[in-house]
Amino acid sequence: MNSKKLADTVINVFLVIVGVVFFIASQKIEVGAAMGQGGDFMPKVCSTVWLIISTLLLVFNIKADIPPRAEAVRIKTFLATLGLLLVYVIALKPIGFVICSMVYMFLQMLLFVPEDKRTKKNLIIFAVISVVAPIAINALFVHVFSLILPAGILK
């Protein structure tokens with residue numbers, strides 16, 4: 001196993017462990033709703049999805065043959081994603097879910113899409129998705145789950 005594959009395997013094992021911790025922690029959340037879905041529903045769903053995806057990443061990484069030149073790009077993308085997530089979490093309460101999610105989603109899409117695919121058409125698609133998805137998610141949480149996400153400056 002080359003050093004790149006070993007590093008990816010270690011990261012993927014770490015992601016699986018974090019997924020297990022999230023899943024266990026989500027099981028300890030109190031339901032809090034007499035009818036319908038409580039506050040424990042989405043954390044359980046998200047932790048389960050995290051666990052499935054991280055396990056699949058681990059399995060595919062072990063089977064994959066990754067060229068060495070892709071290593072630098074993947075590390076930069078990984079670190080940039082961690083930085084974006086950190087800023088997102090810090091800004092979530094003061095700025096609010098909708099605005100933070102719009103900015104985060106757009107920047108994350110720019111980060112993952114190669115520069116040659118960043119056409120005007122794709123940027124418009126990214127912007128539309130980045131605006132519509134957080135608004136729809138917020139509406140879903142408010143109207144279906146009766147849960148309020150951080151409003152921030154939109155109070």
Side-chain angles (χ1 to χ4, degrees), residues 1-29 39-141 145 147 149-154:
M1 186 179 296
N2 64 27
S3 63
K4 167 73 174 113
K5 196 165 189 164
L6 179 62
D8 282 351
T9 302
V10 169
I11 289 171
N12 290 331
V13 167
F14 174 75
L15 290 174
V16 170
I17 292 169
V18 169
V20 169
V21 169
F22 284 168
F23 183 77
I24 292 169
S26 71
Q27 302 304 313
K28 296 179 181 178
I29 297 174
D40 65 330
F41 176 72
M42 282 309 290
K44 287 178 180 177
V45 169
C46 290
S47 64
T48 302
V49 170
W50 176 301
L51 194 54
I52 290 169
I53 291 173
S54 61
T55 303
L56 289 173
L57 280 172
L58 178 61
V59 169
F60 290 135
N61 179 64
I62 292 171
K63 293 182 178 183
D65 186 26
I66 301 168
R69 66 181 182 86
E71 181 175 348
V73 174
R74 293 183 70 190
I75 291 172
K76 287 179 185 177
T77 304
F78 175 73
L79 292 176
T81 297
L82 282 180
L84 278 174
L85 280 171
L86 180 64
V87 170
Y88 177 77
V89 169
I90 291 170
L92 190 60
K93 189 171 183 179
I95 296 176
F97 172 79
V98 174
I99 294 173
C100 281
S101 296
M102 288 176 181
V103 173
Y104 172 78
M105 286 180 67
F106 186 77
L107 293 176
Q108 192 66 55
M109 284 186 246
L110 285 180
L111 186 63
F112 280 133
V113 173
E115 287 190 39
D116 61 322
K117 303 286 186 191
R118 294 181 194 165
T119 62
K120 190 174 187 177
K121 176 186 172 188
N122 285 344
L123 291 176
I124 291 170
I125 291 170
F126 298 162
V128 168
I129 291 170
S130 298
V131 169
V132 171
I135 291 171
I137 291 168
N138 191 53
L140 175 75
F141 271 77
F145 300 131
L147 297 171
L149 296 172
I153 60 176
L154 295 178

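Given the structure is predicted, the values throughout are model-derived calculations rather than measurements. Along the sequence shown, the residues carry numbers beginning at 1.
Separating the OG atom in S47 from the CZ atom in F22 is a distance of 9.0 Å, to the nearest 0.5 Å. Here I90 contributes atom CD1 and L86 contributes atom CG; the two are 4.0 Å apart, rounded to the nearest 0.5 Å. Atom CD1 in I95 sits 4.5 Å away from atom SG in C100 (nearest 0.5 Å). Atom CG of L111 is separated from atom CZ of F106 by 12.0 Å, given to the nearest 0.5 angstrom. For the atom pair CG (L56) and CG (L15), the distance works out to 12.5 Å, reported to the nearest 0.5 Å. Between the CE atom in M105 and the CG atom in L84 there is a gap of 13.0 Å [rounded to 0.5 Å].
A donor-acceptor contact under 3.5 angstrom links the side chains of S101 and Y88, judged on distance only.
Shortest non-hydrogen contact noted between M102 and V131 is CE-O, 3.7 Å. Annotation for R118 and L110: closest pair NH2-O, 2.6 Å, computed over non-hydrogen atoms. Nearest heavy-atom pair, Y104 versus T81, reported as atom, atom and distance to 0.1 Å: OH-CG2, 4.5 Å.
The main-chain N or O of F23 is never found under 3.5 Å from a side-chain atom of W50 such that the two would form a donor-acceptor pair.
At a threshold of 4.5 Å between non-hydrogen side-chain atoms, the residues V16 and L57 do not count as touching.
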